[in-house]
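Heads up: numbering here begins at 1 and tracks the sequence. Here the structure is a predicted model, which is why all the values come from computation and not from measurement.
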Amino acid sequence: MLIDDLNWRYATKKMDAGKAVPDDKVQAILDALRLAPTSSGLQPFEVFVVTNKDVRAKLAEAAYGQQQLVDGSHVLVFAAWDDYTDERIDMVRDETGEARGGVSDTIKEYYKNLKGNYVGRGTEVNFQHAARQAYIALGVAMVAAAEQKVDATPMEGFEPEKFDDILGLRAKGLKSVCILPLGYRAQEGDWLQGQAKVRRDPAILFTTVD
């Protein structure tokens with residue numbers, strides 16, 4: 001079933017502006033990406049679910065006019081932490097303690113070590129690390145969208161600084177890294193629809209080390 005879903009999906013080039021993704025399907029996608037694994041379980045990013053048409057139009061301008069942001073009904077903007085800090089890691093530590101019946105000595109030591117490894121090693125290094133965690137969640141969101149038979153188009157083709165301005169991300173200590181418009185494929189006008197899915201030959205892509 002999963003393979004069927006992945007064969008069904010493609011990076012939709014034209015969305016049907018007359019069809020909106022139902023709330024329950026969007027929530028299923030969000031639930032899945034929330035469960036995505038991340039390094040040390042820190043989830044160092046936030047996801048902005050943009051449905052406002054005017055805001056999506058502004059985002060589309062900052063994405064070189066890509067109409068999926070306008071014709072789709074939702075745009076997910078993945079915004080990574082701009083750095084790791086003591087406060088952010090302590091926040092995750094406390095959330096972990098709350099979920100597991102208290103902040104044990106083991107939990108305290110684990111997050112103390114994380115702070116020793118992450119905090120102070122360089123803002124750009126930390127941002128890039130956080131961005132990679134957001135991409136893991138992006139991948140899970142695309143698989144979840146396929147399972148829900150919702151079209152999704154992952155994009156890096158946008159101007160992050162403009163997105164950050166439009167969504168007020170700098171004040172939150174966040175930087176946009178990737179986006180995922182959600183909607184339904186249009187019946188006409190999408191040059192990619194119906195084309196054979198092309199992936200590299202397994203014999204080239206996979207190497208088995210016995």
Side-chain angles (χ1 to χ4, degrees), residues 1-3 5-6 21-51 74-148 150 152 154-156 160-161 163-164 167-180 182 206-210:
M1 184 64 72
L2 174 60
I3 299 301
D5 292 336
L6 293 177
V21 181
D23 290 342
D24 62 326
K25 289 184 176 291
V26 174
Q27 190 60 54
I29 295 167
L30 298 179
D31 289 342
L33 77 83
R34 178 174 173 268
L35 292 171
T38 58
S39 179
S40 303
L42 288 175
Q43 292 183 292
F45 56 86
E46 296 182 22
V47 180
F48 290 75
V49 184
V50 185
T51 58
H74 298 71
V75 177
L76 307 186
V77 179
F78 292 75
W81 290 356
D82 58 4
D83 199 0
Y84 288 112
T85 65
D86 288 336
E87 292 77 14
R88 280 173 159 165
I89 294 176
D90 285 344
M91 174 188 68
V92 179
R93 178 202 63 195
D94 293 343
E95 289 175 346
T96 301
E98 183 177 349
R100 297 179 179 173
V103 180
S104 66
D105 289 341
T106 300
I107 291 175
K108 289 179 182 177
E109 187 65 21
Y110 180 79
Y111 287 99
K112 178 182 176 182
N113 289 336
L114 282 186
K115 288 192 285 188
N117 290 331
Y118 288 4
V119 177
R121 68 178 176 178
T123 299
E124 183 60 23
V125 170
N126 282 339
F127 166 67
Q128 292 298 334
H129 183 270
R132 290 194 292 273
Q133 312 317 304
Y135 274 93
I136 297 173
L138 171 71
V140 171
M142 287 190 289
V143 173
E147 191 271 336
Q148 293 292 322
V150 170
M155 295 180 178
E156 290 181 314
E161 291 184 358
F163 267 59
D164 296 349
L167 297 175
L169 299 186
R170 288 191 186 87
K172 301 176 184 293
L174 300 168
K175 297 169 71 175
S176 55
V177 294
C178 52
I179 61 178
L180 188 67
L182 302 175
F206 303 120
T207 298
T208 299
V209 182
D210 293 325

- Message: Quick check for you: to the nearest 0.5 Å, what is the distance between M91 atom CE and T85 atom OG1?
- Response: 8.0 Å
For residues [X] and [Y], report the shortest heavy-atom separation together with the two atoms involved.
{"X": "A144", "Y": "A32", "value": "CB-CB, 3.5 Å"}
{"X": "D164", "Y": "S176", "value": "OD1-OG, 2.8 Å"}
{"X": "G120", "Y": "N126", "value": "N-ND2, 4.5 Å"}
{"X": "L174", "Y": "A79", "value": "CD2-O, 3.7 Å"}

Less than 4.5 Å apart, side chain to side chain, heavy atoms only: is that true for [X] and [Y]?
{"X": "V177", "Y": "F127", "value": "yes"}
{"X": "L114", "Y": "L42", "value": "yes"}
{"X": "L33", "Y": "L76", "value": "yes"}
{"X": "F78", "Y": "L180", "value": "yes"}
{"X": "V77", "Y": "L167", "value": "yes"}
{"X": "I29", "Y": "L182", "value": "yes"}
{"X": "F48", "Y": "V75", "value": "no"}
{"X": "R93", "Y": "V103", "value": "yes"}

Side-chain ([X]) to main-chain ([Y]) donor-acceptor, under 3.5 angstrom:
{"X": "T51", "Y": "H74", "result": "no"}
{"X": "Q43", "Y": "R34", "result": "yes"}
{"X": "Q133", "Y": "S39", "result": "yes"}
{"X": "K25", "Y": "Q148", "result": "yes"}

- Task: Could you tell me whether D24 atom CG has more than 12 heavy atoms of other residues or ligands within 6.0 Å of it?
- Result: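 Yes, CG of D24 has more than 12 neighbouring heavy atoms, counting only those of other groups under 6.0 Å.
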- In this structure, are over 12 heavy atoms from other groups packed under 6.0 Å from E161 atom CD?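 No, the 6.0 Å shell around CD holds no more than 12 heavy atoms from other groups.
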- Message: List the residues meeting ring pair (Phe, Tyr, Trp, His ring centres under 6.0 Å) with Y84, not counting sequence neighbours, and say none if there are none.
- Response: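 Only W81, Y118, H129 meet the ring pair (Phe, Tyr, Trp, His ring centres under 6.0 Å) criterion with Y84.
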- Task: Let me see the working for E147 and V143 under side-chain contact (heavy atoms from CB on, under 4.5 Å), right down to the final yes or no.
- Result: CA-CA 6 Å; E147 191 271 336; V143 173; 5.7 Å; no
- Partners meeting side chain to side chain contact (heavy atoms under 4.5 Å, CB included) with D82 (sequence neighbours left out): R88, K175
- With a 3.5 Å cut-off and no angle check, do the side chains of Q27 and D23 form a donor-acceptor pair?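 No, because no side-chain N or O of Q27 sits under 3.5 Å from a partner of the opposite role on D23.
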- Item | Where at least one partner belongs to residues 94-109, residue pairs that pass side-chain hydrogen bond (donor to acceptor under 3.5 Å, both in side chains), sequence neighbours excluded | T96-Y111
